[in-house]
Amino acid sequence: MLFTNETYLQESIEAFYATPSGGPYTLSLGNTAVYLPLANITTSYKDIASSVRQQAASGEAASYLPAGASRSVVNGYLAQLKVLAAALENPTYPIFEAPFQGPPGVGFLLKPLSRGSVLLDPEDHDAEPVITYGTFENPLDMDIVASFVPLMRSVYSTPTMRAMGVVETAPGPEVQDDEQIREWVRDATVASFQHPCCTAAMMPREMGGVVGNDLKVFGVKGLRVADASMMSLLPGTHTSATCYAIGEKAADIIIQAWS
Ligand SMILES: Cc1cc2nc3c(=O)[nH]c(=O)nc-3n(C[C@H](O)[C@H](O)[C@H](O)COP(=O)(O)OP(=O)(O)OC[C@H]3O[C@@H](n4cnc5c(N)ncnc54)[C@H](O)[C@@H]3O)c2cc1C
């Protein structure tokens with residue numbers, strides 16, 4: 001309801017900032033989750049993986065990148081799609097996270113195929129950067145996320161869940177056919193889920209990379225990147241632990257360089 005009911009959302013925010021604080025934003029949410037390979041979500045997982053390869057081979061994939069993407073960025077994207085296709089068809093490689101926290105059932109796409117951009121504001125380079133998420137730009141992302149809804153329904157239809165009196169509130173029983181499910185997914189999706197990354201990727205420069213394996217920015221003196229932006233792909237998890245590892249590694253690299 002926080003995603004779909006504006007009145008409830010506003011009331012919940014007011015309740016959170018009230019003294020004493022109350023409402024749904026004060027609830028501690030679930031700390032259990034399953035990490036699912038695509039093979040556990042849809043029987044079409046091999047078809048989806050081969051569509052990724054087909055997109056890359058035919059050149060179609062490049063059309064899903066932000067307008068004006070350079071040849072090097074296209075090359076890097078094609079290389080990433082190769083890795084991601086292998087991940088999608090691997091029945092032991094998690095590409096989706098489903099936390100258990102009570103309703104609503106939610107899922108996080110851990111290996112998105114779509115790409116956004118972060119650019120300087122051409123009018124004022126000192127202004128906030130222009131951020132475009134590009135969510136669902138690659139239509140296969142929608143195929144993957146939409147296939148999660150029937151899976152959730154089948155989990156919540158098991159006798160165990162039924163015995164607990166589970167009632168579907170989202171997407172809701174009126175959302176049935178594939179087009180309705182996709183429309184609901186598009187409306188309910190939160191871009192990035194606060195895990196933005198990979199905008200200054202550690203990859204070869206000719207593949208759109210920004211830093212080398214010493215974390216130094218290509219073509220710039222005295223500048224390293226040590227944050228979530230240097231990841232080349234979103235890890236199959238939440239991002240903070242990986243950021244700590246990047247920070248530790250950066251410290252090691254700098255100490256070694258100085259000594
Ligand atoms: C609401 C929310 C919930 C999250 N929950 C989880 C979770 O449960 N588990 C998990 O693993 N991850 C979670 N994440 C993601 C995780 O927090 C981030 O991926 C991670 O913190 C990113 O680290 P970072 O070092 O790249 O950037 P940040 O942590 O954003 O660090 C950037 C730092 O740079 C500073 N800074 C910015 N501009 C300047 C400037 N001009 N000069 C000096 N300093 C500057 C900022 O103040 C900030 O301290 C969550 C994120 C959010 C927003």
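Hydrogens, waters and symmetry mates play no part in the numbers below; they use all other heavy atoms, side chains included. Note that ligands are numbered from 1 as they come in the structure, with each ligand's atoms numbered from 1 the same way. Just so you know, residue 1 is the first one in the sequence shown, and it goes up from there.
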Going by atom type alone, with no hydrogens or angles, which donor-acceptor pairs under 3.5 Å involve a side-chain atom of residues 9-23 and a protein atom two or more places apart or on another chain?
{"residue": "Gln10", "atom": "NE2", "partner": "Glu6", "partner atom": "OE2", "Å": "3.0"}
{"residue": "Ser12", "atom": "OG", "partner": "Tyr8", "partner atom": "O", "Å": "2.6"}
{"residue": "Ser21", "atom": "OG", "partner": "Phe16", "partner atom": "O", "Å": "2.4"}

Open item on the list: With rounding to the nearest 0.5 angstrom, report the SG to CD distance, Cys243 to Glu248.
Closed with: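 These two atoms lie 12.5 Å from each other.
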Task: Backbone N/O of Leu113 and side chain of Tyr77: donor-acceptor pair under 3.5 Å - done: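 The answer is yes, because a donor-acceptor pair under 3.5 Å joins these two groups.
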Task: Arg224 side chain to Asp214 backbone, donor-acceptor under 3.5 Å - done: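 Checking the backbone N and O of Asp214 against the side chain of Arg224, a donor-acceptor pair under 3.5 Å is found.
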Report each N/O pair between ligand 1 and the protein that falls under 3.5 Å, naming both atoms.
{"residue": "ligand 1", "atom": "11 (O)", "partner": "Thr239", "partner atom": "N", "Å": "3.3"}
{"residue": "ligand 1", "atom": "11 (O)", "partner": "Ser240", "partner atom": "N", "Å": "2.9"}
{"residue": "ligand 1", "atom": "11 (O)", "partner": "Ser240", "partner atom": "OG", "Å": "2.7"}
{"residue": "ligand 1", "atom": "19 (O)", "partner": "Thr239", "partner atom": "OG1", "Å": "2.6"}
{"residue": "ligand 1", "atom": "26 (O)", "partner": "Ala228", "partner atom": "N", "Å": "2.8"}

Task: Residue pair Thr158 / Thr160, side-chain donor-acceptor N/O under 3.5 Å - done: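 Checked: Thr158/Thr160 side chains show no N/O donor-acceptor pair below 3.5 Å.
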TODO: Applying side-chain hydrogen bond (donor to acceptor under 3.5 Å, both in side chains), run through Tyr64 and Glu60 and close with a yes or a no.
DONE: CA-CA 8 Å; Tyr64 302 129; Glu60 178 193 338; 2.4 Å; yes
